**Student:** 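Take this structure, written in structure tokens, and hold onto it; I'll ask about it next.
Just so we're clear, the structure is a prediction, and the values are computed from it rather than from any experiment. Numbered from 1 within each chain, the chains take letters A, B, ... in sequence-line order.
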Amino acid sequence: MKSRRIALASLVLLGSASALAAGRPRYGGELRVAHAGPPEIGEPALADTPLEATLLGLLSRPVCAVTPEGEARPTLARELSRPTPQSARVMLPNAATAGALARAWMRLSSTEGASPYRALLYPLRGEGRQVNASGASLELALSFPWPDLERALCHPALAAPVASSTPGPFSSAGRGTLDAQLGWPRGRPYLDRLLLTSTDERGLARLWSTRQAQLELGVASETDNASGALLYATYLAFSPRRVPADFRQAVESSIDREDLTRLFVRGPAVPMPHLLPPALMQQGPKPRPATPASGPARTVTLVYDAALEDQRAVAERIQVKLHERGYTVALEPLTRSALRARWAKGDFELMLHALLLPPVPGPALAVVLDAGGRKDLLGVELPAIGALSDAAARDARVRERALALAASLPLLPLYAQGLGLRVVPEVGGLVMDAQGLPMLDGAFMLPPEGAGTGGRP
Amino acid sequence: MSRARVLAPLLFAFAASAASQTSPDETASAVQRLARELSASVRALPAEAPVALYFSGGSAELRRAVGSVLAARLSAEGLAPTVVDAASAEAAEGVARAQGARTLVRLTLDVEAGALRARGDALGTWVNFWSGRAPTRPARPSGALVESVDADAEVLALASVAPSTTSPPTSGPRGIRLLGATLVRLEQPVAALAAGDLDGDGRDEIAVLTEADVSVFAADGRLLARRELGALPFGNATTREPFGALAVLSGPPRLAAWSTRRAHGEVLVLEKGRSTLRPVGTLDSAPLGPVERGSFVPGQTAFQAEVRLADGKPVTLSAPFTTASLAPPRMLFVHADGTGSLYPRAGAAPTRLSALGAGSALGDLDGDGTPELLTTSTLLQPSPDVLRVHSLNGGDPTVHEPLWQGALPAGRALFVVTANLDGDERREVVVGLWKPDGTGELFLLRQGAP
């Protein structure tokens, strides 16, 4: 227990110190990383759990990252610029990367790859359906003022698919081994190598207790573990045409969000009574409505992500609670891609829909509106928000609109989660980005106590 | 040449820049700011006119400067100030009384940890007739005065003027007592730092490389020229942190600059009249000194172990290094593990040093003709970072007590150079700091009055 506390202290201390641009860490070394995620990561728009986004980020990153100060800092991109207020330029390392990125972004709006993260590109002319690479750069024309475009482009779902032509901080060397990538535009990671082990929760506990893992990702919330911003938001989406008009009231009156986060969802997690997570908007009290008058018995099907144990537990809880309101809920686990396909077609009655929201209220609201099937609202809400040049005023406006629009969206916010991790004290420089994901390329091995560092590697 | 004469142009430049200031709150010199604070405190006592001012501590020039500026402020307040001279603070009371002052302000000045401080008291000098010969004090005015402002280069120039009683130079090492002040604040952290005479006036300018640009500053912190690096192609193996190489080349004064963010470096000429750095060539090797060259370890904040020396001969060090400092014939290289290789001359066997920080340099601070070793903390997260000055007396100087050491402002001191900013034989020290807020700072240290 003591060593865990030290580990957390080290994480926090070094995290802040690194953000302060203090000493220079040492290059080299291997880090043994264990995680409770899948051994292989799919396309970025589907790798949107905090853990999968972290694993994907080892091999492929979006064009930028949002700093703790809320600014977009280039990562994959060499430069982000605004030649004019209504156009943005993303300068990438090479033309192949630019082309791959343009294709990946356009796929978000395609029939076969439709994703609610396409809303991040909605302010682009043509809603991001047509993105053209010009050599190594992407020229992005806006259809209305949208100062948050750059920060929206930093979302992990907008990373390019893993490929040799698109550099990431690390590159795969086979069998769970990732080597530091010398050509990573932000500079090679300090560590030479990551050794990844995919396991389950029991496996994590065993590897930690036997000191076979130096860093564990996806550990359940404990007081001495660390986590970043809780931006992985889960909603109960419903099809208004297929459920009674008082369905929202039935759910709100029966579901206790505190219960969900305390008993059914792996932490770190917080209840989310409003449309955006507590990290993006203050959560005022939301009284539970009265139980609706009982109607005829209804049978509905709730689809959920088969890969997420949390969703299965929550789906079962909803099944029980709605039974008290006269609903017979059939549960149907689906793969994430199948789930997204059903969402795109509107082919569901109830769906547990989880989204990794960007750490900026405006783009986050855009994703939620699209996920709620109200893409029509994007063209109304976003221009009014983007017209405000002051970031604080924009964010305040977004929060107002989130409150005002909540009742008109067929989405019931449930809870928000983050990524829990633990790390041994010998690892320094591990910080969470504004998205709440750990940046392993900034981690380094601390020299033994008493050894000089020269302040540099 | 006396030190005061050497510094006269520098002081004139400070005075000129002070005269052109338009926004006192933002651009006032440290002396002006301190005088403003003191004036407000004296007025708030409230002081009774006439007010006598007595100063101790610091150099005579610093005392006179603060005295003059404070007296001017108090005069504008109608407090009829006079500056008194006395052998001690206690004696000043009698002198003030004899001159008819009703209030005496006694202040001790010092420059410490980058701040100009004044500490002291204020007292009434009026003696009740019924007290007879006993010099009783009135109930008021009275109060303690403590004010501190960030020091600047002007303060350092004033504080470093040696008193006229200084003994002539001797052959032995002279004492080192460095006073520091912020010279320049930078929007970005420092990637490399160098000093050299780029305009041929016999005094050094300070060159700073960041990820975005290379800048040249005068001894008083004025920006002389800046060149953006955006036009250079990106490098294929950049570093996570700002890093690079910067050196003033021999021959016609030129600046060689190479950031690891870029594929190659540039040779630049300072055109002072046009406030520009004009590129005159490209670099394909990392400049370590006037003619010495090295190469970066790809992707790392370090140089390869192979170095080409002034005579064109290569030398291979024991390991890659992060810092090089050349004070001919001596050469210092600091390695990643905090050890160093000190060469007494090219071709000689190096002395192995330990406990060196990334900010290490050789420079003659006491004017005895032999450079001292300057180094920062070896720790990754020092708080605060410390600058130590060691004598080079054979062997590993870091195992002996330093000649001087002092805390630096908040931040990580990764770069240290010495410079001849005022034309005398004692070199000044410029420290490049990474500030906690992600910006950079140049901190200037120069010899203070004993």
Side-chain angles (χ1 to χ4, degrees), chain A residues 10 13-28 67-69 71 73-75 77-79 81 91-94 136 167 169 179-192 428-429 439-457, chain B residues 188-190 211 230 233-243 260-261 297-302 319-323 333-340 353-360 375-383 385 398 410-415 433-440:
Chain A
S10 167
L13 178 68
L14 289 168
S16 59
S18 182
L20 302 177
R24 281 191 169 149
R26 184 175 285 189
Y27 288 87
T67 66
E69 294 76 34
E71 293 169 0
R73 192 187 69 143
T75 49
R78 296 286 198 191
E79 279 177 328
S81 60
M91 183 65 76
L92 293 152
N94 52 55
D179 285 345
Q181 179 108 276
L182 192 60
W184 175 234
R186 294 310 303 174
R188 61 152 279 182
Y190 295 117
L191 296 164
D192 281 340
M439 295 186 289
L440 268 63
D441 46 322
F444 53 86
M445 305 307 292
L446 289 167
E449 199 169 331
T453 65
R456 280 192 192 152
Chain B
Q188 295 193 316
V190 180
E211 269 195 358
F234 285 104
N236 290 325
T238 186
T239 50
R240 290 183 62 81
E241 300 166 353
F243 189 67
T260 52
R261 295 283 293 165
V297 177
Q300 299 190 21
T301 50
F321 57 97
T322 61
T323 303
F333 301 95
V334 180
H335 306 290
D337 60 357
T339 62
L353 308 185
S354 59
L356 298 181
S360 294
T375 191
T376 53
S377 172
T378 60
L379 299 175
L380 205 59
Q381 312 286 338
S383 179
D385 211 329
T398 60
R412 185 71 180 95
L414 293 172
F415 306 91
L433 288 158
W434 285 18
K435 301 298 287 181
D437 61 0
T439 62

**Student:** Tell me, for B:A355 versus chain A, whether the close heavy atoms (under 4.5 Å) come from the side chain, the backbone, both or neither.
**Tutor:** neither
**Student:** Going from CZ on A:R186 to OG1 on B:T239, what distance comes out if it is rounded to the nearest 0.5 angstrom?
**Tutor:** 9.5 Å
**Student:** Can you check whether A:P25 reaches B:E241 side chain to side chain, under 4.5 Å on heavy atoms?
**Tutor:** yes
**Student:** How close do A:F444 and B:L380 get, counting heavy atoms only, and between which atoms?
**Tutor:** CE1-CD2, 3.6 Å
**Student:** Of the listed residues (B:T376, B:N236, B:V297), which shares the most heavy-atom pairs with chain A below a 4.5 Å separation?
**Tutor:** B:N236
**Student:** Is there a side-chain contact between B:R240 and A:D441 in this structure, where contact means two heavy atoms from C-beta onward sitting under 4.5 Å apart?
**Tutor:** yes
**Student:** Can you sort out the partners of B:D385 under side-chain hydrogen bond (donor to acceptor under 3.5 Å, both in side chains), two or more places apart, ordered by chain and number?
**Tutor:** B:R412
**Student:** What residue, out of A:P185, A:G187, A:G183, has the most heavy-atom pairs lying under 4.5 Å from chain B?
**Tutor:** A:G187
**Student:** Heavy-atom pairs under 4.5 Å with chain A: which of B:P320, B:P242, B:G230 has the most?
**Tutor:** B:P242
**Student:** Would you mind checking which part of A:P93 comes under 4.5 Å of any heavy atom in chain B, side chain (CB onward), backbone (N, CA, C, O), both or neither?
**Tutor:** neither
**Student:** Rounded at 0.5 Å granularity, tell me how far CD in A:E69 sits from CG in B:D437.
**Tutor:** 9.0 Å
